[in-house]
Amino acid sequence: MKTRKWIFFALVLIEPALALAQVAVLGDLVNEKSVPAGRSYEGVITVQNLGSENREVRVYQNDYRYDAEGTKAYSEPGKNPRSNSKWINFTPRQFAVGPGEKADINYLVTVPSDSSLRGTYWSMMLVEPVIEVNPETVRQGQIHIIEKVRYGIHMITNVGRMGAGKIAFKKISLMKTDTTRFVRVDLENTGERRLHVSLWADLYDMQGKHIGKFSAKEDVFYPGTSIRCEVDISKVLPGTYKALIVADGGEEALFGVDYSLKLE
C-alpha cells in the first residue's frame, strides 16, 4: 500500500501590523514618500531574527490590489498601471541572519523623468523566511505543519502635485443582523491618489429634523481599488429617514449622496 505524503503550509501575511514570529520586520510597514518626477530617494527596511537558530530570509516584490468584496490580488511587478515596482532597486534579495541579530534591506526608488506622472504609485515588498523541509521526512510520509509568516511592506510614491482625489459610491444597502443594523457603503477610488477616507451619514426624519450623525471607521485606499464601510445605526428608532452619506478624502475630495431608508 502506498503512503500518501502531505506537507501543509500555513502562510500568514502580516499587513500592516506586526505579529510574533521568528523573523520580524521592525518599524512601520507603510513606507510613503512624496517626490517630484525625476527624483530619487532611498531607505532601509530592518529585519530581526527573534528565534534561537540561524534564519535565511527572502525578499521580493509584487503588485497588490484589493476590492470591497474582500478580494486581494498579488500579481507580477509592473502589471498594475500604477505600480512603482520597476522604480525600486533593493539589496540583498536573500540573506542569513543569526539569532537575535538584525539585518538591513537597502532600497533606492528612482522616479522616471516623465511630466505625465502624477498621483500615487505603489507596490508591495515581501519579506519571508526560507523554509527548508527535510527530504528524508517527506520520503517517510510524515506530516508537517509549517507556519510561515510573511511581511508585506507597502512601498508608496506620491509624484508631482499629488493628483486628483475622486470617490465613487458603488453600492449602498441597509443590512441587519440579530443584534445590529447598519448601512453598508462600497466606495471606489476613481482618482489619482491614495485617500484617507472618513465616511458618515447624517440622518433626517420626514419632517426634516436632524436625527444624528453616524460615522464609519476611517480607512485608506489606492486609485482603482474599492473598500467597504459600515455605519452602525442600531440606536435609531424604527421609521422612514433620509440620509446624506458623505465620504471625505481630504484636500477637496469631499463627496456625498442622498439615500432613503426604512427601519422596521
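Criterion: ILVMFWY side-chain heavy atoms under 4.5 Å apart, direct or through other members. Under it, Ile172 and Leu254 are not part of a common hydrophobic cluster. Phe169 and Trp200 fall into different hydrophobic clusters, where Ile, Leu, Val, Met, Phe, Trp and Tyr residues are linked whenever their side-chain heavy atoms come under 4.5 Å apart, directly or through other members. Under the 4.5 Å side-chain heavy-atom criterion for grouping Ile, Leu, Val, Met, Phe, Trp and Tyr, Leu29 is not connected to Val220 through any hydrophobic cluster. At a threshold of 4.5 Å between side-chain heavy atoms, the hydrophobic network of Ile, Leu, Val, Met, Phe, Trp and Tyr places Phe182 and Leu263 in two separate groups. Hydrophobic clustering of Ile, Leu, Val, Met, Phe, Trp and Tyr side chains at less than 4.5 Å, counting indirect connections, keeps Tyr41 apart from Leu108.
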Quiz item: When you look at His196 and Glu218, which way does the side chain to side chain contact (heavy atoms under 4.5 Å, CB included) test go after all the steps?
Solution: CA-CA 7 Å; His196 295 254; Glu218 293 187 3; 5.9 Å; no

Quiz item: Could you walk me through whether Lys102 and Thr46 pass the side chain to side chain donor-acceptor pair (under 3.5 Å) check?
Solution: CA-CA 7 Å; Lys102 299 178 183 179; Thr46 301; over 6 Å; no

Quiz item: Passes side chain to side chain contact (heavy atoms under 4.5 Å, CB included), Leu261 versus Tyr259? Steps please.
Solution: CA-CA 7 Å; Leu261 60 154; Tyr259 181 70; 4.0 Å; yes

Quiz item: Going through the checks in order, is the side chain to side chain contact (heavy atoms under 4.5 Å, CB included) test met by Arg55 and Val23?
Solution: CA-CA 8 Å; Arg55 289 291 175 184; Val23 175; 3.8 Å; yes

Exercise. With side chain to side chain contact (heavy atoms under 4.5 Å, CB included) as the test, would you mind laying out the steps for Val127 and Tyr60 before giving the verdict?
Key: CA-CA 7 Å; Val127 179; Tyr60 60 101; over 6 Å; no

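Glu188 places no side-chain N or O within 3.5 Å of a backbone atom of Lys170 that could act as its donor or acceptor partner. Not one N or O on the side chain of Asp104 forms a donor-acceptor pair closer than 3.5 Å with the backbone of Asn106. Although no hydrogens or angles enter the test, the distance criterion places a donor-acceptor pair under 3.5 Å between the side chain of Asp67 and the main chain of Gly70. Between the side chain of Asn62 and the main chain of Tyr74, no donor-acceptor pair closer than 3.5 Å is present. Of the possible polar contacts, none joining the Arg93 side chain to the Val59 backbone as a donor-acceptor pair under 3.5 Å is found. For the pair Asn84 (side chain) and Met155 (backbone), a donor-acceptor distance under 3.5 Å is present.
Atom CD of Glu76 has 12 or fewer heavy atoms from other residues, nucleotides or ligands within 6.0 Å. The environment of CD in Glu264 is sparse: at most 12 heavy-atom neighbours from other residues, nucleotides or ligands sit within 6.0 Å.
Under the 4.5 Å side-chain criterion, counting only non-hydrogen atoms from C-beta, Ile167 is in contact with Leu195. Looking at Met206 and Thr240, their side chains come closer than 4.5 Å, going by heavy atoms from C-beta outward. Asn31 has its side chain within reach of Ile45: a pair of non-hydrogen atoms, C-beta onward, lies under 4.5 Å apart. Looking at heavy atoms from C-beta onward, Leu174 lies in side-chain contact with Arg181 at the 4.5 angstrom threshold. Taking 4.5 Å as the limit, some side-chain heavy atom of Leu187 sits within range of a side-chain heavy atom of Phe221. Side-chain atoms of Gln61 and Ile88, non-hydrogen and from C-beta on, do get closer than 4.5 Å to each other. Between Leu199 and Asp248 there is no side-chain heavy-atom pair separated by less than 4.5 Å. Counting heavy atoms from C-beta outward, Met175 and Val183 have side chains that stay 4.5 Å or more apart.
The two atoms that bring Ala243 and Leu203 nearest to each other are CB-CD1, 3.8 Å, heavy atoms only. Between Arg193 and Pro223, the closest heavy-atom pair is N-CG, 3.5 Å. Among all heavy-atom pairs drawn from Gly163 and Glu192, the shortest one is CA-OE1, 3.4 Å. Nearest heavy atom pair, residue Gly78 against residue Ser85, reads N-OG, 3.0 Å. When all heavy atoms of Val197 and Ala247 are compared, the pair lying nearest together is CG1-CB, 4.2 Å. Shortest non-hydrogen contact noted between Asp63 and Ser83 is OD1-OG, 2.6 Å.
To the nearest 0.5 Å, the span separating CG on Leu50 from CD on Gln22 amounts to 8.5 Å. Taken to the nearest 0.5 Å, the OH atom of Tyr241 stands 12.0 Å off from the NZ atom of Lys262. Rounding to the nearest 0.5 Å places CG of Leu26 at 8.5 Å from OH of Tyr151. To the nearest 0.5 angstrom, Asn158 atom CG is 11.0 Å from Trp122 atom CH2. The structure places CG of Leu237 at 8.5 Å from CD1 of Ile211, a figure rounded to the nearest 0.5 Å. To the nearest 0.5 Å, atoms OG (Ser123) and CZ (Arg82) are separated by 13.5 Å.
A side-chain N or O of Thr110 and one of Ser40 form a donor-acceptor pair less than 3.5 Å apart. No hydrogens or angles considered: nothing links the side chains of Thr157 and Lys33 as a donor-acceptor pair under 3.5 Å.
With ring centers used as reference points, Tyr64 lies under 6.0 Å from His154.
Note on Arg228 versus Asp186: salt bridge recorded, some NZ/NE/NH1/NH2 to OD/OE distance being below 4.0 Å. In summary, Arg194 and Glu32 engage in a salt bridge, as defined by a charged side-chain N under 4.0 Å from a carboxylate O.
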